[in-house]
Amino acid sequence: FFGPQWVESIPLLQILCLASIVGTPASLSVQIMTAIGAVREQFVLDTIGFAIKILAVLACAAFGLKAVAIGFVVSGLFNTLLRLYRLKFAIELTWRDSLAICTPGAQASLAAGGCAAAAAFLLGDLPSLLAVLGCGAGGTIGFALWLGLSRSTARTDIINAVSATLKRA
């Protein structure tokens with residue numbers, strides 16, 4: 001899309017995308033811990049996670065950018081596991097509950113990502129801006145397909161939210 005000068009950054013971006021994925025569940029704990037009145041404990045978890053990320057980056061820096069990106073993945077995974085472990089006791093959250101909560105979002109992401117990847121493959125020879133717009137349209141189509149075909153409660157929630165927003169507009 002952006003020319004040959006960016007090819008070397010692809011592995012780094014792929015690793016950083018993985019870091020984003022493993023860190024996403026940890027972001028849910030902020031609202032939950034605040035809701036149950038455990039703000040101080042949330043601060044402690046944030047401080048531990050921040051310290052682990054700094055140590056991972058410092059330890060990996062001597063080995064290059066790829067190692068630093070891997071350090072981000074490892075520190076994000078540790079932080080997520082630490083937070084989910086704490087939530088297990090705070091709200092009696094099981095791994096099965098976590099999986100059930102994440103499944104609809106994962107399905108939607110896979111549908112959108114699959115269609116965006118297909119668009120990228122099919123439109124790879126177009127100018128950069130058009131290819132990016134095509135990937136965005138592919139992702140939107142994939143999400144819409146999932147929304148139309150899914151029997152998930154998330155489907156109903158999204159449709160109700162969109163409907164309510166459109167009525168207010």
Side-chain angles (χ1 to χ4, degrees), residues 1-34 41-88 93 95-147 150 152 154 158:
F1 291 146
F2 301 108
Q5 72 271 21
W6 295 101
V7 171
E8 291 181 29
S9 66
I10 292 172
L12 292 175
L13 292 173
Q14 290 171 327
I15 294 168
L16 291 175
C17 285
L18 185 59
S20 176
I21 291 168
V22 300
T24 299
S27 65
L28 298 174
S29 73
V30 175
Q31 292 84 4
I32 295 169
M33 298 294 281
T34 302
E41 190 169 355
Q42 178 61 38
F43 177 75
V44 170
L45 289 172
D46 285 342
T47 304
I48 292 169
F50 185 64
I52 289 169
K53 190 162 295 227
I54 288 174
L55 290 174
V57 169
L58 291 176
C60 295
F63 302 101
L65 284 176
K66 191 172 185 178
V68 170
I70 292 170
F72 262 87
V73 173
V74 172
S75 65
L77 181 60
F78 180 82
N79 193 26
T80 293
L81 292 174
L82 178 67
R83 289 169 185 273
L84 290 177
Y85 180 77
R86 176 56 188 106
L87 286 177
K88 178 181 178 182
L93 183 70
W95 292 106
R96 183 174 292 164
D97 294 334
S98 298
L99 184 62
I101 291 166
C102 293
T103 297
Q107 291 170 341
S109 297
L110 287 173
C115 285
F121 179 75
L122 295 172
L123 304 174
D125 293 332
L126 289 177
S128 299
L129 180 60
L130 292 176
V132 169
L133 291 173
C135 289
T140 303
I141 290 167
F143 180 76
L145 285 172
W146 171 81
L147 195 60
S150 173
S152 168
I158 292 169

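- Arg86 places none of its side-chain heavy atoms less than 4.5 Å from the side chain of Ser29.
- For Ile48, the side chain to side chain contact (heavy atoms under 4.5 Å, CB included) partners two or more places apart in sequence, or in a different chain, are Val44, Ile52, Leu82.
- Taking the side chain as every heavy atom from C-beta outward, Met33 and Leu45 approach each other to under 4.5 Å.
- Side-chain atoms of Phe50 and Ile54, non-hydrogen and from C-beta on, do get closer than 4.5 Å to each other.
- The nearest pair of heavy atoms linking Thr34 to Val30 is OG1-O, 2.8 Å.
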For residues 63-78, which side-chain donor-acceptor pairs fall under 3.5 Å, sequence neighbours excluded?
residue	atom	partner	partner atom	Å
Ser75	OG	Gly71	O	3.0
Ser75	OG	Phe72	O	3.1

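- The list of salt bridge (Lys or Arg N to Asp or Glu O under 4.0 Å) pairs with a residue in residues 5-29, not counting sequence neighbours, is empty.
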Inset, instruction - Take Lys53 and Asn79, measure what side-chain contact (heavy atoms from CB on, under 4.5 Å) needs, and give me the verdict at the end. - result: CA-CA 9 Å; Lys53 190 162 295 227; Asn79 193 26; over 6 Å; no

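- Residue pairs that meet the salt bridge (Lys or Arg N to Asp or Glu O under 4.0 Å) test with at least one member in residues 72-83, sequence neighbours left out, are Asp46-Arg83.
- One distance of note links CG of Leu12 with SG of Cys17; it measures 11.0 Å at 0.5 Å rounding.
- Closest approach of Gly142 and Cys115 over heavy atoms only: CA-SG, 3.4 Å.
- The side chain to side chain contact (heavy atoms under 4.5 Å, CB included) test applied to Ile32 returns Leu87, Ile91, not counting sequence neighbours.
- For Leu13, the side chain to side chain contact (heavy atoms under 4.5 Å, CB included) partners are Ser9, not counting sequence neighbours.
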